[in-house]
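Remember, it's 1-based here, ligands and their atoms both numbered in the order they're listed. These numbers were taken from a predicted model, which means no experiment stands behind them. Note: hydrogens, waters and symmetry copies are ignored here, and every other heavy atom, side chains too, is used.
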Amino acid sequence: MKYALSFLAVIALVVIAWLGSQIPGFQYIFGVFFPYVAIMLFVGGFVYRIVQWAKTPVPFSIQTTCGQGKSLDFIKHNKLEAPHTTTQVVARMALEILTFRSLFRNTHAEMHDGPKITYESSKWLWLFAIVFHYSFLLIVLRHMRFFLEPVPVLISALDWIDGFYSIGNPTWYITDAGIVAGVAFLFARRIYNSKVRYISLLNDYFPLVLLFAIAISGILMRYFLRTDVDITAIKQLAVGIVTLQPTIQVELGAIFYIHLFLVCVLAAYFPWSKLMHMGGVFMSPTRNMKNNSREVRHINPWNPRILPHSYAGYEDEFREYMVEAGLPVEKELPPKKDEE
Ligand code: HEM
């Protein structure tokens, strides 16, 4: 039901974009207005979420460790599993972000007769997650050729490497196969794995279907409906959007408006969705804190400011009442004026 709804939602978005591209005058709304709204929502939302996370006090040092923390000199410290300095934290974080290290250690639990439970290595999720994320990153970087004039050498180089096999005309990009395979696996896993299906929500399926539709519309545009789109005019519009002088002079093709509208929806939805793990991973206290709580006192910023109150100070404050109640005091009360 939830995944069917995601499909319906994306189909509705495609129909809206297609209809919009057919109505005279609406091209500006879909080609200029929506992209600007989406950029504002993306940037504004992204910054807002990061600021909210940054402002949230972290009450304890809660780094996740899975190795020996720094201790006495003769006990071997595991620097990557229980990082103790900023450099070690950065090293672990870099491996996590660039290679999805914790996902690589994913295990799969299975019940056997006995009953006996076994934990087996499970690398498929890691593999397809890597394929999907790197394909997505390279596609986005390659798209910079639409927005930048002249196109930087690095972007042209990526374009060349991605089409290295020179299959087809225009050349098929490896990342196009990668993004489709990656998204398809991640989606199929949610459907076929009953445990994952049980915990999956509409917000888990929708971004996958949306990304799939973006990839398919891009692939259609490049390889199958090439004559329907005017790449030069699209580049003119893209550069115009960046330089705040957008123009649409010719018919850009319905498939382009569909592709662009879906990207706008993704951008606007991004900061409010699980996709924010892109920024969130840097803000996660379990990853970005140092395992140094034996050395440095971590003060909970939520604590009220309580000043120290010594016994001497306490007695000074209550001496009179203590004497009156017959309690022993360390310092006698000063003699009264009339006694002097
Ligand atoms: C999340 C962002 C985006 C994703 C994931 C995406 C994905 C794709 C994919 C997979 C293709 C197939 C060919 C290729 O890999 O280059 C493609 C093509 C294309 N995309 Fe995108 N796209 C995105 C954003 C955009 C934007 C903002 C524009 C607006 C300029 C755009 C315009 C195009 C065009 C014109 C093509 C055809 C390219 C060609 O014929 O070589 N895309 N897109």
Taking every heavy atom of D204 against every heavy atom of K274, the minimum-distance pair comes out as OD1-NZ, 3.0 Å

Counting from 1 in the order shown, the ligand 1 atoms closer than 4.0 Å to a non-hydrogen atom of R145 are 38 (C), 39 (C), 41 (O)

Residues L252 and I234: closest non-hydrogen pair is CD2-N, 4.0 Å

May I ask whether L95 and M278 are part of the same hydrophobic cluster, defined by side-chain heavy atoms of I, L, V, M, F, W, Y residues being less than 4.5 angstrom apart, directly or through others? no

Margin query: Does the residue K235 have a heavy-atom contact with ligand 1, meaning some pair of atoms that are separated by less than 4.0 Å?
Written below: no

Check: Quick one: does S284's side chain have a donor or acceptor within less than 3.5 Å of a partner on V281's backbone?
Finding: no

Under 3.5 Å, side chain of R145 to main-chain N/O of R142, donor-acceptor pair present? yes

Ranked by distance from atom 19 (C) of ligand 1, the top protein heavy atom is H143 NE2, 3.5 Å

Problem set entry | Within-shell test, T175 vs ligand 1, heavy atom, strictly < 4.0 Å | no

The closest protein heavy-atom partner of atom 41 (O) of ligand 1 is R222 NH1, 2.7 Å

Should the pair E330-R319 be classified as a salt bridge under the 4.0 Å nitrogen-to-oxygen rule?
no

If you scan protein heavy atoms around atom 16 (O) of ligand 1, the nearest is R142 NH1, 2.8 Å

Ranked by distance from atom 4 (C) of ligand 1, the top protein heavy atom is I214 CG2, 3.5 Å

When distances are taken from atom 36 (C) of ligand 1, the protein heavy atom at minimum range is M221 CE, 3.5 Å

Worksheet item: Are the aromatic ring centres of F132 and F128 under 6.0 angstrom apart?
Response: no

min-distance protein heavy atom vs atom 40 (O) of ligand 1 -> R226 NH1, 2.6 Å

Taking every heavy atom of H108 against every heavy atom of S122, the minimum-distance pair comes out as CB-CB, 3.7 Å

Nearest heavy atom to atom 29 (C) of ligand 1, choosing from F256, F146, F136, belongs to F256

the protein heavy atom lying closest to atom 13 (C) of ligand 1 turns out to be D176 OD2, 3.3 Å

of all protein heavy atoms, closest to atom 32 (C) of ligand 1 is H259 CD2, 3.6 Å

Heavy-atom proximity to atom 9 (C) of ligand 1 ranks first, among G218, P170, G178, for G218

